[in-house]
Amino acid sequence: MSKEIDIQVSSGNIFADLGMPNSDEMLMKAELVRQITEIVSQRKLNQVQAAEVLGIDQPKVSALMRGKLTGFSTERLFRFLNALGCDVQIVVKQTLESPATAGISVVSI
């Protein structure tokens, strides 16, 4: 006899699925941090080297790499990406669906 497992389909935003406030902002920040972490890893920078490039101290790099989003504004994450040599573009466009489906996303190219 097998147990039935209740499965809920994700909305694509885990923070919204968990009912967290500011879920769009949290998802965007998480994706920006993922991008930063990936670049630091690709460049094989240790946390001290990354701290020097980003202009912050090593404990803040450690917090960032562990996904601690508090204390890091979106603008600050943009500056970190700039310091790592990345352009950040913000595109505003009309949604093709209803205004209720409009959202925020981070796209890497």
Side-chain angles (χ1 to χ4, degrees):
M1 189 189 287
S2 63
K3 285 187 174 180
E4 218 174 281
I5 300 174
D6 184 30
I7 298 174
Q8 180 179 355
V9 177
S10 174
S11 68
N13 181 340
I14 185 67
F15 302 107
D17 294 344
L18 294 172
M20 300 179 85
N22 303 320
S23 58
D24 282 342
E25 181 182 1
M26 290 180 74
L27 180 63
M28 179 177 56
K29 287 170 70 172
E31 180 56 26
L32 292 170
V33 169
R34 188 192 67 75
Q35 299 274 343
I36 292 165
T37 303
E38 189 174 306
I39 294 165
V40 167
S41 176
Q42 286 173 350
R43 293 190 184 175
K44 298 182 183 350
L45 299 175
N46 62 37
Q47 289 187 0
V48 173
Q49 293 166 323
E52 188 175 313
V53 171
L54 300 177
I56 57 176
D57 60 21
Q58 181 275 325
K60 285 191 176 83
V61 172
S62 177
L64 187 70
M65 299 301 186
R66 289 183 287 121
K68 303 277 184 181
L69 303 178
T70 9
F72 297 105
S73 68
T74 305
E75 293 81 10
R76 193 172 190 195
L77 297 174
F78 290 162
R79 286 195 303 273
F80 291 166
L81 286 163
N82 291 154
L84 290 165
C86 296
D87 287 328
V88 175
Q89 295 180 343
I90 299 172
V91 178
V92 178
K93 63 179 186 173
Q94 293 276 176
T95 182
L96 298 176
E97 299 174 25
S98 74
T101 63
I104 299 172
S105 64
V106 175
V107 179
S108 173
I109 48 173

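No hydrogens, no waters, no symmetry mates; every other heavy atom, side chains included, goes into these values.
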* **Close side-chain approach of Leu77 to Leu69, heavy-atom, < 4.5 Å** => no
* Structure fact -> With Phe15 as partner, the option from Met28, Met26, Glu25 fulfilling side chain to side chain contact (heavy atoms under 4.5 Å, CB included) is Met26
* Is the number of heavy atoms from other residues, nucleotides or ligands under 6.0 Å of Asn46 CG greater than 12? -> yes
* Got a sec, which residues hit salt bridge (charged side-chain N to carboxylate O under 4.0 Å, His left out) with Lys29, two or more places apart in sequence or on another chain? -> none
* Give, for atom CE of Met20 and atom CG of Asn22, the distance between the pair rounded to the nearest 0.5 Å. => 9.5 Å
* To do: Quick one: closest heavy-atom pair of Asn82 and Asp87, and the distance?
  => ND2-CA, 4.3 Å
* Would you kindly confirm whether Leu81 and Ile90 end up in one hydrophobic cluster when ILVMFWY residues are joined by side chain heavy atoms under 4.5 Å apart? => yes
* Residue list, side chain to side chain donor-acceptor pair (under 3.5 Å) with Asp17, at least two apart or on another chain -> Ser10, Ser11
* Does Leu27 offer a backbone N or O that forms a donor-acceptor pair with the side chain of Asn13 under 3.5 Å? -> no
* Asked: Considering only heavy atoms from C-beta outward, does the side chain of Phe80 approach that of Leu32 to under 4.5 Å?
  -> no
* If you measure from CD1 on Ile39 to CD on Gln42, what distance do you get to the nearest 0.5 Å? -> 7.0 Å
* Between the side chain of Thr37 and the main-chain N/O of Val33, is any donor-acceptor distance below 3.5 Å? -> yes
* **Those residues that, when tested against Glu38, pass salt bridge (charged side-chain N to carboxylate O under 4.0 Å, His left out) (two or more places apart)** => Arg34
* **Within-4.5 Å side-chain heavy-atom neighbours: Val40 and Leu64** => no
* Of all heavy-atom pairs between Ala51 and Gln58, which one has the smallest distance, and what is that distance? -> CB-N, 3.7 Å
* **Residues, nucleotides or ligands: over 12 heavy atoms within 6.0 Å of Gln49 CD** => yes
* Asked: Can you tell if the side chain of Arg43 reaches within under 4.5 Å of the side chain of Leu84, non-hydrogen atoms only?
  -> yes
* **Separation between CE of Met65 and CD1 of Ile36, rounded to the nearest 0.5 Å** => 8.0 Å
* In Å and rounded to the nearest 0.5 Å, what is the CZ to CD1 distance from Arg76 to Ile56? -> 6.0 Å
